[in-house]
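Quick note on labels: first sequence line is chain A, next is B, and so on, each numbered from 1.
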Number of protein chains: 2
Amino acid sequence: MAVPPSAPPEQPSFPEAGTPAFSPLYQQIKGLILQSLQAGEWKPGEAIPSEMDLAARYRVSQGTVRKAIDELAAENLVVRRQGKGTFVATHAEQHVQYRFLKLVPDAGDRDAEGPAQRNVVECKRVRAGAEVARALALRTGDPVVQVRRVLSFDGEPTILEDLWLPGVAFKGLSAEQMAGYHGPTYAMFEIEFGVRMVRAEEKIRAVAADAQQAALLGVAEHTPLLSVERIAYTYNDTPMELRRGLYRTETHHYRNELS
Amino acid sequence: MAVPPSAPPEQPSFPEAGTPAFSPLYQQIKGLILQSLQAGEWKPGEAIPSEMDLAARYRVSQGTVRKAIDELAAENLVVRRQGKGTFVATHAEQHVQYRFLKLVPDAGDRDAEGPAQRNVVECKRVRAGAEVARALALRTGDPVVQVRRVLSFDGEPTILEDLWLPGVAFKGLSAEQMAGYHGPTYAMFEIEFGVRMVRAEEKIRAVAADAQQAALLGVAEHTPLLSVERIAYTYNDTPMELRRGLYRTETHHYRNELS
DNA sequence: AAGTGGTCTAGACCACAAC
DNA sequence: TTGTGGTCTAGACCACTTG
């Protein structure tokens, strides 16, 4: 009994007048674990306390903690490993190296081709325009880091993308960091800036390459390209990155599973 | 105890030599429920027996049935409604009208625009080519129904798509049926042919419209279009539809959520 | 052998919907 | 009031990993 009868919980639930305000105990526990994750009590890749420990900490049964963790695992915030423990999910050392990249080669899986080569075209501090500000929940004119880069697979330029990141959280981000880090960019964000992207939304369109884009990707002008606009979120649905990608799809395709 | 100690279950588990062959009880129950769904013991939209009834039928506890149904619900094969029961999922009368269609208007949600107008260009019986046969797990030359149609939103032609369906399962499918049915095409498949699509895979590319495609969609030749190739599956991962769509993305976009 | 997550049970009670 | 799914508990045991 963590909340209903007595015992001062870390996050009491005060039913507000007018709202049903019924929240299952396991949801409250999930919220508490989420807070600890967000606060950095356990770092990415580390194990969180065992189910028994958490049950004792929150004064609930193991089954209740279990259901809370089940949901966190379903949302990819945490990874369970039988016999070892439950670990904070990370973009590094994850089996799926590029968790948010859905572009795959037409033949074979992504492991078949080597790691992407990164070519940072530019990395500069700018002020947010109206669109960028809206996407990142900032004010127009707020500082923003803008990055433009080209990703190549097996030497073939395949993705041209622009990134916009909130200047406050990503103060000091350099072109060298963007280019030098080995592994997913999101893993670098975790390590260097303590920013964990937990989910993202993408809007996809077909567009024609303009002269500049064609030159950077090594294709003819007007070549059809996949335009992928992504907003990536940290905890609490806070947007932390706007990314506009142009994907060549002659030898790759965007793969999606529906259910 | 449905399987471990005694009682002749409907699907015994014979551990094969060499394989661990450990399957949790709830997975076995899930398999049994799946069989009943596939056999049509409960029709789409109908309620399946209550958890208590199923627990009695399979001689397990309610909690075990619960976990089995939880997974089926997570896979959208079944829908739970508190106080009412658990129902076989259906493409008809579903809140999300077009479950597999990820194209949405740039402004507002899909409910903002009226239902799609369908324009069946042709509907004919053909023999499967190599590609279609492979996608549908048929042999080259097997009978197939091919449909070409244009979908318009608010009077604007937006999607041109070709469908290939196994001729055996979809014998007698007519252009009138494709055009006349009100509601999702997949709902019509359920009702008229008893075929339930439970999941799908899509491969997305950017292409340029050729002369014929441009004419059908009312755009200029070489207009960039989203090419969406979908394979839809029934139970047991059996492919039952190949669909190649060309989406206009001037006022709509393909929306995807990543986690 | 000890510790972790994973399974299974039995029973109590709550929230919701329908009669 | 009854029946449904939803929550919570406590305890037993299993499977996997590590020392």
Side-chain angles (χ1 to χ4, degrees), chain A residues 1-7 9 13 15 19-33 42 45-74 76-89, chain B residues 1-7 9 13 15 19-33 42 45-74 76-89:
Chain A
M1 302 87 175
V3 171
S6 58
S13 69
T19 69
F22 165 71
S23 176
L25 192 45
Y26 76 88
Q27 285 286 4
Q28 302 178 38
I29 303 302
K30 180 185 170 188
L32 294 175
I33 298 175
W42 316 298
E46 286 181 9
I48 71 173
S50 74
E51 296 179 351
M52 288 305 246
D53 287 352
L54 289 172
R57 175 196 305 203
Y58 299 127
R59 319 260 199 82
V60 298
S61 74
Q62 188 203 12
T64 300
V65 170
R66 185 158 195 67
K67 181 138 190 181
I69 295 180
D70 277 345
E71 293 209 349
L72 293 172
N76 293 313
L77 294 173
V78 117
V79 177
R80 325 189 72 142
R81 284 182 219 153
Q82 183 172 136
K84 301 181 72 175
T86 301
F87 299 78
V88 182
Chain B
M1 303 90 174
V3 171
S6 60
S13 68
T19 68
F22 165 70
S23 175
L25 191 45
Y26 76 87
Q27 285 285 5
Q28 302 177 39
I29 303 302
K30 180 185 171 188
L32 294 176
I33 297 176
W42 316 299
E46 284 182 10
I48 72 174
S50 75
E51 295 179 352
M52 287 305 246
D53 287 353
L54 290 171
R57 174 194 307 198
Y58 300 126
R59 319 259 198 84
V60 299
S61 74
Q62 188 204 10
T64 301
V65 170
R66 185 161 195 69
K67 181 140 189 182
I69 294 180
D70 276 346
E71 292 208 349
L72 294 172
N76 292 313
L77 294 174
V78 117
V79 177
R80 323 188 74 141
R81 285 183 218 152
Q82 182 172 142
K84 302 180 71 172
T86 301
F87 299 78
V88 182

* Expected output: side-chain Gln28(B) to main-chain Ser23(B) donor-acceptor under 3.5 Å -> yes

Please state whether the phosphate of [N], meaning OP1 or OP2, lies under 4.0 angstrom from any side-chain nitrogen or oxygen of [X].
X	N	value
Thr86(B)	dG5(D)	yes
Ser61(A)	dA10(D)	no
Thr64(A)	dT7(D)	no
Arg80(A)	dG6(C)	yes

* Among dC8(D), dG5(C), dG6(D), the one nearest Pro24(A) by side-chain distance -> dC8(D)

* To do: Could you please name the option among dG6(C), dT9(D), dG6(D) that lies closest to any side-chain atom of Gln82(B)?
  => dG6(D)

* Between Gly83(B) and Val65(A), who's closer to the 5' end of DNA chain D by nearest nucleotide? -> Gly83(B)

What's the [atom1]-[atom2] distance between [X] and [N], to the nearest Å?
X	N	atom1	atom2	answer
Gln62(A)	dC13(D)	CD	P	15 Å
Glu51(A)	dG6(C)	CD	C1'	8 Å
Lys84(B)	dC16(C)	NZ	C1'	11 Å
Glu71(B)	dG6(C)	CD	P	12 Å
Lys30(A)	dT7(D)	NZ	C1'	15 Å
Asp70(B)	dG6(C)	CG	P	15 Å
Lys67(B)	dT7(D)	NZ	P	15 Å
Met52(B)	dT9(C)	CE	P	13 Å

* Asked: So among Asp53(A), Val88(A), Leu72(A), which one has a side chain to side chain contact (heavy atoms under 4.5 Å, CB included) with Ile48(A)?
  -> Val88(A)

* How would you label the contact of Arg66(B) with the nucleic acid (heavy atoms, under 4.0 Å): base, sugar-phosphate, or nothing? -> base

* Taking five pairs at each end, how big is the angle between the two axes of the helix from dA1(C)-dT18(D) to dA18(C)-dT1(D), to 10°? -> 10°

